[in-house]
Amino acid sequence: MEFSEFAARAREIEDESADLETVSLVADLLRDANDDLAVLARFVQGRVFPAYDSTTLDIGPSLCYGALARAAGPNVGPEDVEERLADVGEIGAVAASYDLGGQRGLAAFGEGSADLTVREVDSELRALAAAAGSGSEDRKLDLLFGLFNRCSPEEARYLARLVLSEMRIGVGEGTVRDAIVEAFDVPEEPVERALQVSNDYGRVAEVARDGGADGLAGLTLEVGRPVQAMLAQSGAVADVLEEWGEVGVEWKYDGARIQLHHDPTGEVRAFSRNMEEITDALPEVVEFADERLDAPAILDGEVVAVDGNGAPLPFQEVLRRFRRKHDVAAAREAVAVRPVFFDCLHADGEDLLDDPLVERHDRLIEQLGDGDEAAEGLSRLWITDDPDEIAAIEADALEAGHEGVMLKKPDSAYSPGRRGRNWRKRKPDVETLDLVVTGAEWGEGRRAQFLGTFELSVRSEGGFETIGKVATGVSDEDLADLTDLLEPHVLAERGQAVELRPAVVFEVGYEEIQRSPTYGSGYALRFPRFLAVRSDKPIEEAASLADVRRLVGDRS
Ligand code: AMP
């Protein structure tokens, strides 16, 4: 297709405001694309490279203005382009405002070069992206000038927008997906699926046209080509237990997402959550894969920055390592990272996206090994229906310096790019109450000399009524401090349980308050978590039963 034809179609699409009509216009474009189908499916979204490909044109505005000015003639400078841009606010309109045709058809561009084709634009832009090293800026400028120089105003409008990733004709990924469905009469589901595994609209359009639904079903993951990461929604323990019965619980590591590809030749590549390649910045991850993986695999996980003792550091430290292009060895010296993997999308030639989480996790263990020393780098998955066990896992995660827990549906598939309901990150407590500590229990084992599991009460007319117990959120250091603080108030001891004079107020986070016969108040906190001692608060200012009734919405 000639580029002028693409520009005319893009104009038509831009002028159309109705979504359905837009889809139909894009479908027409795809149907008429012939050999240029893959390129046009990308261009129409303002892309030159497929989504999985982190290659960029690396054309900054000034290079684009420079090329445009040069093509506009000897009297035009980049400042003029910028001035017009300030006036009209959009680079396409600026490009279209020049008469760039002065050198069109010059013999210098070879035979038949007067009419720019979509294919030529694509190959020139790829050559431009490939320019690297010294002199590459000049080469980019020359190539882009060469293209602008052959553009009519309308072509220049869309070329300028394309190279600056500002297409803005109202065509998003969903539009192209729907247009592929319409143009080639294939069901939506296999198209969506093929897009998820390939991340390449151009390729999916071609396969839909040439192979229909069966062809699309044949598209598989490819080791070395990143997949969009599955994402999580916020959620509460109580809700997922109710919805799913059993829950897969994992530590939520405070780092940055990583996707590791280990191909059959043993080559390792690592990608960020945005599918950018970051292999060179993270030699530890490559070493990890070299050591631990034998078969081809795609693993999903998190990279955590660690201090000299292996304890996690804030996630900003990881990001610094991700962005590092030079002096990686020095950066590594300053902050080490280690990967922890929690999912396996492909193992030894098999795609696992549709397998249940628990089975994918088994495959992950198979890939990484399950021995003691192998436990490093493998995120453990607990399957449980016991809220106390979840609370204990969370407490351990927090104590180890991580963020909390992820809650995952045990039989769920891996949905690339989706922020679905099958993965939930436990919401940080949205609610807190200041409660009086009226009891505690002596710990066991190494915690035997400390008070733990604190009984919490609200004020009531007759004194205090219990509303729950809290053990989560208390670190080993806290235990010692809290024991010192509370021991002077012990009134009585029965076995491990102690009764305390109401004197100390805890700030406690929780997910929900439920009615419950277990405690004297008639209510129970779900997922209580110790946050702080309110040494500034006298017990008279702690929450009352009336406060709790109000929160729950019960009339007193
Ligand atoms: P957020 O970034 O707050 O939306 O939380 C989701 C992110 O948590 C994921 O994208 C991962 O980068 C990260 N994460 C840490 N640990 C896990 C885990 N065990 N499973 C899934 N994601 C995790």
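We use all heavy atoms of the structure for the numbers below, so side chains are in, but hydrogens, waters and symmetry mates are not. We count ligands from 1, going down the list as the structure has it; atoms in each ligand are counted the same way.
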With F271, the side-chain contact (heavy atoms from CB on, under 4.5 Å) member among R225, E276, E277, R257
E277
Does either side chain, that of D53 or that of T55, offer a donor lying less than 3.5 Å from an acceptor on the other one?
yes
Inter- and intrachain pairs under side chain to side chain donor-acceptor pair (under 3.5 Å), touching residues 337-349, at least two apart:
D343-R360, H346-D351
Quick one: ring-ring contact (aromatic ring centres under 6.0 Å, His included) pairs with a partner in residues 312-334, sequence neighbours left out?
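Non-adjacent pairs meeting ring-ring contact (aromatic ring centres under 6.0 Å, His included): zero.
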Output all residues satisfying side chain to side chain contact (heavy atoms under 4.5 Å, CB included) with S412, sequence neighbours left out; order by chain, then residue number.
L357, K409, N422
Less than 4.5 Å apart, side chain to side chain, heavy atoms only: is that true for R161 and E90?
yes
What are the polar N/O contacts of ligand 1 with the protein below 3.5 Å, with distances?
from: ligand 1; atom 1: 3 (O); to: K252; atom 2: NZ; distance (Å): 3.4
from: ligand 1; atom 1: 3 (O); to: K425; atom 2: NZ; distance (Å): 3.2
from: ligand 1; atom 1: 4 (O); to: K425; atom 2: NZ; distance (Å): 2.5
from: ligand 1; atom 1: 5 (O); to: K252; atom 2: NZ; distance (Å): 3.2
from: ligand 1; atom 1: 10 (O); to: R257; atom 2: NH1; distance (Å): 2.8
from: ligand 1; atom 1: 12 (O); to: E302; atom 2: OE1; distance (Å): 2.5
from: ligand 1; atom 1: 12 (O); to: E302; atom 2: OE2; distance (Å): 3.4
from: ligand 1; atom 1: 16 (N); to: Y253; atom 2: N; distance (Å): 3.0
from: ligand 1; atom 1: 19 (N); to: E250; atom 2: OE1; distance (Å): 2.8
from: ligand 1; atom 1: 19 (N); to: W251; atom 2: O; distance (Å): 2.9
from: ligand 1; atom 1: 20 (N); to: E250; atom 2: OE1; distance (Å): 3.4
from: ligand 1; atom 1: 20 (N); to: K408; atom 2: NZ; distance (Å): 2.9

